[in-house]
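The structure appears below as structure tokens.
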Amino acid sequence: YFMKFWESPIIKSLGWKEEPKGIAKVMSVCMLIVIAMSIFMPSSILEIKIVSTITWASIIIFFVLLAYVLLKRLFSK
């Protein structure tokens, strides 16, 4: 089922032409969690600690992986 997720029209409209691999997949899932939480969840649900923790953890993981990828590209040249 998860493989069909990356082929859905909604994901295609976000600009993904193929299924991401490795770190890009983790970053994509983190980004989708944050987008879903911020758009589709009412603010009363976002005040629950576990939901808030998942959202903030996704944001932190995304930016840590982004920094890792950028530093890896910077120092590999």
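Hydrogens, waters and symmetry mates play no part in the numbers below; they use all other heavy atoms, side chains included. Computed from a predicted model, the values in this text were never measured in an experiment.
In this structure, the separation between CD1 on I54 and CD1 on I33 is 7.5 Å, given to the nearest 0.5 Å. Note that CE of M27 is 8.5 Å distant from CZ of F63, once rounded to the nearest 0.5 Å. We find the NZ-CG distance between K25 and L65 to be 14.5 Å, quoted to the nearest 0.5 Å.
Shortest non-hydrogen contact noted between S58 and C30 is O-CB, 3.5 Å. I61 approaches V26 most closely through the heavy-atom pair CG2-CG1, 4.2 Å.
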Just list the side-chain donor-acceptor pairs under 3.5 Å for residues 66-76, sequence neighbours left out, or say none.
residue : atom : partner : partner atom : Å
S76     : OG   : K72     : O            : 3.2
S76     : OG   : R73     : O            : 3.1

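Taking V64 as the reference, I60 meet the side-chain contact (heavy atoms from CB on, under 4.5 Å) condition, with sequence neighbours excluded.
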